[in-house]
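Following: one structure in structure tokens, then a few remarks.
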There are 2 protein chains.
Amino acid sequence: MNRNILVIEDEPAINDLICMNLEVAGYMVTPFLDGEKASAGLARHHEYDCALVDIMLPGKDGFALLPELKNFNIPVIFLTAKADVGSKVKGLKDGAEDYIVKPFEMLELLVRLEKVLERHMTQAEVIQIGDVKIDPQQRKVMKNGTEVYLKPMEYDCLMMFVRYQNKALTREQLLAGLWGQEFEGETRTVDAHVGRIRKKLDWQDVIKTIPKIGYRLEVEE
Amino acid sequence: MNRNILVIEDEPAINDLICMNLEVAGYMVTPFLDGEKASAGLARHHEYDCALVDIMLPGKDGFALLPELKNFNIPVIFLTAKADVGSKVKGLKDGAEDYIVKPFEMLELLVRLEKVLERHMTQAEVIQIGDVKIDPQQRKVMKNGTEVYLKPMEYDCLMMFVRYQNKALTREQLLAGLWGQEFEGETRTVDAHVGRIRKKLDWQDVIKTIPKIGYRLEVEE
DNA sequence: GGGGATTGTAACTGTTTTGTAACTATTTTT
DNA sequence: AAAAATAGTTACAAAACAGTTACAATCCCC
């Protein structure tokens with residue numbers, strides 16, 4: 001049960017400090033000093049169990065990194081000097097699991113990290129819906145034993161449906177969840193993606209249309 | 001979807017402040033000024049969705065209250081002036097969902113509360129009226145276990161009846177509530193929708209006609 | 001900077017929704 | 001009891017909405 005933690009923090013001293021402490025506490029650690037590199041590193045391996053992310057970073061900032069990390073199903077703890085309430089609210093609302101203000105005690109960080117990991121441990125390894133299997137670890141979708149390739153956006157969209165299965169999702173919720181609150185795009189874009197997912201998985205009746213509202217993934221309990 | 005929040009805080013000014021803000025944000029609030037009373041109150045009703053708990057309380061302190069709350073499956077956010085890391089660590093390790101240090105911004109509290117509630121969202125609130133079940137989360141209506149599809153307008157209309165159950169609703173109120181004040185349409189349009197709902201749900205006698213006025217959804221308490 | 005993959009959007013098509021009108025049934029009034 | 005008013009019901013056409021696809025802009029990796 002060796003947990004691998006991403007540490008994305010541009011201040012080398014703090015980065016080192018965090019990494020050392022995590023290692024002492026028994027974690028595997030992958031440090032990055034800027035957002036771009038971290039972002040690139042994600043695609044290659046995505047076996048991270050949690051990310052500790054500074055908000056102000058060279059390259060890509062923490063807020064920009066958040067959706068990517070969420071797509072890989074990696075919980076995020078923001079770890080930053082930005083103590084203003086606006087940032088906290090934005091960070092948490094956008095889907096960070098916690099928000100710790102610097103300077104912090106290492107012990108508190110460790111405890112909050114442990115809690116986040118604990119919460120995320122309950123997730124099923126492989127999700128099965130009808131004849132479709134989804135492996136979030138591998139980010140891979142299978143239907144009747146053969147892989148169905150979903151484009152990144154389609155996959156993310158699918159995962160949002162899975163996360164809120166049997167819940168009505170409005171187009172706006174999907175837009176906000178997949179592109180972020182500030183995205184100013186056509187709500188119809190959602191329709192296109194849903195259409196593509198339905199087609200690839202032959203899910204005409206699994207993703208139900210809720211007229212005037214949005215969609216709902218129907219899964220029997 | 002009205003969430004009921006326990007507020008256990010002995011400083012009346014802070015207690016009031018929190019309660020007021022929660023109420024403004026649309027929560028139901030149950031305040032207690034000491035641990036003993038809160039503990040006693042728990043046994044009676046345990047329909048609380050979250051508890052905001054001060055640690056230093058007369059009677060029973062927050063740490064003592066925590067196991068009790070957890071027994072009732074109520075998530076706890078500690079909300080306290082004790083900023084020392086030891087307390088934080090103890091609180092979180094013992095099973096609190098979050099730990100906010102006073103003085104805090106109300107907005108941060110609201111966001112963190114919202115996140116805790118979201119995580120605990122296991123409770124499906126379903127409205128039952130006779131043999132009809134309405135699940136607003138799913139936006140779905142069931143009768144005797146089989147889904148009855150209601151068109152968007154029919155569903156909204158039904159929900160308005162549910163919201164004002166056992167209250168007489170005039171055609172004008174229904175028009176205004178469902179189409180908006182500015183809508184310039186026939187009042188008879190309402191009749192058509194009511195007719196369709198009655199037919200689909202076999203509710204000839206559940207939605208009563210009030211001659212010359214409008215309709216009323218009759219629900220026994 | 002070039003080539004391939006991705007994706008948001010526009011445009012077109014097919015489908016569903018819905019306000020209303022017209023007709024019928026029922027209730028109230030005279 | 002007839003007339004009048006009100007409510008129930010249904011069909012339908014316009015409008016709104018959703019499905020689909022092609023494509024251009026963008027992104028990303030060599």
Side-chain angles (χ1 to χ4, degrees), chain A residues 35-44 59-60 64-65 67-68 71 139 141 148-160 168-172 174-180 182-216, chain B residues 139 141 148-158 160 168-172 174-180 182-216:
Chain A
E36 289 288 9
K37 295 222 185 68
S39 181
L42 272 187
R44 255 179 283 285
K60 246 175 199 171
L65 233 37
E68 290 185 44
N71 287 344
R139 210 162 210 270
V141 179
V148 177
Y149 173 65
L150 293 192
K151 290 176 181 155
M153 203 38 138
E154 291 162 4
Y155 179 86
D156 293 340
C157 188
L158 169 63
M159 287 311 278
M160 180 145 178
L169 283 173
T170 65
R171 280 171 238 275
E172 286 70 24
L174 286 159
L175 274 185
L178 294 169
W179 286 271
E182 62 282 352
F183 178 76
E184 294 288 324
E186 295 295 317
T187 56
R188 291 301 313 284
T189 300
V190 171
D191 298 33
H193 283 288
V194 169
R196 288 167 193 147
I197 295 170
R198 274 183 175 153
K199 198 170 176 185
K200 288 193 180 179
L201 298 179
D202 192 25
W203 265 14
Q204 308 306 97
D205 299 322
V206 182
I207 298 180
K208 284 258 167 66
T209 303
I210 307 172
K212 285 221 193 150
I213 301 291
Y215 300 91
R216 178 182 60 221
Chain B
R139 204 167 218 272
V141 180
V148 177
Y149 174 65
L150 294 193
K151 289 175 180 157
M153 208 61 199
E154 291 162 4
Y155 180 87
D156 291 342
C157 187
L158 169 63
M160 181 149 176
L169 282 171
T170 66
R171 278 171 241 272
E172 287 70 24
L174 285 159
L175 273 184
L178 294 170
W179 284 270
E182 66 283 353
F183 178 75
E184 294 288 324
E186 296 294 318
T187 55
R188 292 301 314 284
T189 300
V190 172
D191 299 33
H193 282 289
V194 170
R196 298 196 260 249
I197 295 170
R198 275 180 175 156
K199 195 171 175 186
K200 287 192 181 180
L201 299 179
D202 194 23
W203 264 14
Q204 312 304 73
D205 300 322
V206 182
I207 298 179
K208 284 262 165 59
T209 303
I210 308 170
K212 297 233 211 184
I213 302 292
Y215 300 91
R216 179 181 57 224

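What you are looking at is a predicted structure, and each value in this text was computed from that prediction instead of being measured. In what follows, chains are A, B, ... by sequence order, proteins preceding strands, each numbered from 1.
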Margin query: Tell me if a side-chain donor or acceptor on A/R198 pairs with a main-chain N or O of A/I207 at a distance below 3.5 Å.
Written below: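 Yes; judged by distance alone, with no hydrogens or angles, the pair exists.
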Side-chain N or O of [X] versus OP1/OP2 of [N]: is the shortest distance under 4.0 Å?
X      : N      : value
A/Y215 : D/dG19 : yes
A/W179 : C/dG8  : yes
B/K199 : D/dT10 : yes
A/H193 : C/dT7  : no

Next item on the list: Give the nucleotide from the list D/dG8, C/dT7, C/dT20 with an atom nearest to the side chain of A/M153.
Entry: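 The answer is C/dT7.
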Item checked: From C/dT9, C/dT20, C/dT6, nucleotide with atom closest to A/K151 side chain ->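 Looking only at heavy atoms from C-beta outward on A/K151, the closest nucleotide is C/dT6.
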Next item on the list: For A/T189, answer base if it contacts any base atom (sugar-phosphate contacts may also be present), sugar-phosphate if it contacts only those atoms, and nothing otherwise; contact means non-hydrogen atoms under 4.0 Å.
Entry: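 Base, at least one base heavy atom under 4.0 Å.
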Margin query: Just to be sure I understand the rule, does B/R196 reach a base, reach only the sugar-phosphate, or reach nothing, if contact means heavy atoms closer than 4.0 Å?
Written below: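 Since a base atom lies under 4.0 Å of B/R196, the category is base.
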Notebook entry, point to check: With a 4.0 Å cut-off, would you call B/D156 and B/R139 a salt bridge?
Noted result: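 Looking at B/R139 together with B/D156, the answer is yes, because their closest N to O distance falls below 4.0 Å.
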Quick one: which protein N/O atoms are closer than 3.5 Å to N/O atoms of nucleotides 22-25 of chain C? Pair and distance per line, please.
none

Note to self: In this structure, how many angstroms lie between the C1' atom of C/dT17 and the CG atom of B/D156, rounded?
What the structure shows: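 Atom-to-atom, B/D156 to C/dT17, this comes out as 13 Å.
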Note to self: Please report the distance, rounded to the nearest Å, between CD in A/E186 and P in D/dC17.
What the structure shows: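 Distance, rounded to whole Å: 14 Å.
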Notebook entry, point to check: When you match A/T209 and B/K212 each to their closest nucleotide on DNA chain D, which lands nearer the 5' end?
Noted result: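 With A/T209 and B/K212 compared, the 5'-side residue is B/K212.
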